[in-house]
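Structure record follows, encoded as structure tokens.
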Amino acid sequence: MPELPEVETTRRGLEPLLIDQQIRTAIVRNRALRVPVPRDLPQLLGDAVIRNLGRRGKYLLIDCGRGTLILHLGMSGRLWIVTGNAPAGKHDHLDLVLANGTVVRLCDPRRFGLVLWVCGDPLLHPLLCTIGPEPFAEHFDGSLLYSATRTRSASIKQVLMDSRIVAGIGNIYANEALFRSGIHPAMSANRIGLKRCQSLVTNIKKTLQLAIDAGGSSLRDYVGSDGLAGNFQNQFMVYGRASNPCPQCGTPIRGIRQGQRATFYCPRCQSR
DNA sequence: CGCCAGGCCTGCACGC
DNA sequence: TGCGTGCAGGCCTGGC
């Protein structure tokens, strides 16, 4: 589920509650995520003080001084603050218990997420060191996307979802940004000119920002750290809207598949 | 029952 | 030879 806007919404929601707080312990109920949760997480985290809450692409980075807890929410993960004494459910695999009593809970029904502990620079971890520019970085601009795509004959949509090109863009936001730029998702990336790359970067930033402003998108199970659903799904132009009218021209939105993933576009507004 | 779902890694066959 | 590419499959549960 979570793409960059949902992870960022989670980060912002948790930040004020976690910064400078001491961790009492971690409760691991199920280690069987995509990568096994470290067995000794309670010892690694116990008494650590959270210095900073960061994000790289779709990864959440909890800086504990002596090391960093890296979380990825996979398709169905969610981090939330336990209110009251809510008993752990079937898919609540991990709790971080703070010294002040606050409990941060990781729920991930499909278990595609992961929890890692790294010492030293977390950005050097093999899973993070190949990630491309953050979409909001100033240096991520049209000319960078243009040069990064010259050798890529794959479709622009699949290239946008390649984290080595740009961080954090998944299926929803690739579809939405391409619509906003009027680019056909099946167009070969290396056939897109500089002007359109510039437009695409502008619309990637714009779409992600609008989604963050809306608290992310809530499909199926996603809710933010405060338990509230985001509502960017109400602003989807094309995603999930096959055969509904294009918001710009009224032509029915077309749904196709690209590399096992659902793609949605307007056949009139988006050209090759 | 089969199919679908927001992620991402691996391995394979293929063509240049 | 060695890329990049396009697939398929795997990791899981739940909803329709």
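Here the structure is a predicted model, which means the values were calculated and not measured. The chains referred to below are lettered A, B, ... by the order of the sequence lines, with proteins before strands, and numbering in each begins at 1.
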Please measure how far the P atom in C:dA8 lies from the corresponding atom in B:dC4, and state the result in whole Å.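 Going atom to atom, P in each nucleotide, I get 12 Å.
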
Rounding to the closest angstrom, what is the interatomic distance between C:dT1 and B:dT10 at atom C1'?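 Result for the C1' pair: 22 Å, nearest Å.
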
[atom1] of [X] versus [atom2] of [N]: gap in Å, rounded?
X: A:Y59; N: B:dG7; atom1: OH; atom2: P; value: 12 Å
X: A:L33; N: B:dC9; atom1: CG; atom2: C1'; value: 15 Å
X: A:N30; N: C:dC12; atom1: CG; atom2: P; value: 10 Å
X: A:L106; N: C:dT13; atom1: CG; atom2: C1'; value: 15 Å
X: A:N171; N: B:dA5; atom1: CG; atom2: P; value: 8 Å
X: A:R34; N: B:dC8; atom1: CZ; atom2: C1'; value: 5 Å

Is [X] near enough to [N] that one of its side-chain N or O atoms lies under 4.0 angstrom from OP1 or OP2?
X: A:H72; N: B:dC8; answer: yes
X: A:Q260; N: C:dA8; answer: yes
X: A:H91; N: C:dG14; answer: yes

Could [X] and [Y] be called an ion pair, given the rule that one side-chain N must be under 4.0 Å from one carboxylate O?
X: A:E15; Y: A:R12; result: no
X: A:D47; Y: A:R24; result: no
X: A:D95; Y: A:R29; result: yes

Options [options], nucleotide nearest the side-chain atoms of [X]:
X: A:R261; options: B:dG7, C:dT13, C:dT5; value: B:dG7
X: A:R257; options: B:dG7, B:dA5, C:dA8; value: B:dA5
X: A:A154; options: C:dT5, C:dA8, B:dG7; value: C:dT5
X: A:K58; options: C:dT13, C:dC7, B:dG7; value: B:dG7
X: A:R152; options: B:dA5, C:dT5, C:dG14; value: C:dT5

Would the base of C:dC12 count as contacting A:R110 through its side chain, where contact means a donor and an acceptor less than 3.5 Å apart?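 Result: at least one qualifying N/O pair found.
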
Without swapping roles, check the side chain of A:E3 against the backbone of A:K58 for a donor-acceptor pair under 3.5 Å.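 Looks like no, no N/O pair under 3.5 Å.
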
Is it true that a side-chain atom of A:R257 and a backbone atom of A:Q260 form a donor plus acceptor pair closer than 3.5 Å?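 Answer holds: yes.
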
Sole candidate of A:D63, A:I62, A:L116 that passes side-chain contact (heavy atoms from CB on, under 4.5 Å) when paired with A:L69: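 Among A:D63, A:I62, A:L116, the one that satisfies the side-chain contact (heavy atoms from CB on, under 4.5 Å) with A:L69 is A:I62.
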
Pick base, sugar-phosphate or nothing for [X], based on heavy-atom distances below 4.0 Å to the nucleic acid.
X: A:G170; result: sugar-phosphate
X: A:L127; result: sugar-phosphate
X: A:T151; result: sugar-phosphate

A:F112 aromatic ring stacked with six-membered ring of C:dC11, 5.5 Å and 30°: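 Answer is yes, a stack.
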
If each of A:R164 and A:A32 is mapped to the nucleotide of DNA chain C with the nearest heavy atom, which maps nearer the 5' terminus, i.e. the 5' end?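 Per heavy-atom nearest nucleotide, the more 5' residue is A:R164.
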
Base-pairing assignment for C:dC12 (Watson-Crick or G-U wobble, both under 3.5 Å):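 No nucleotide pairs with C:dC12.
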
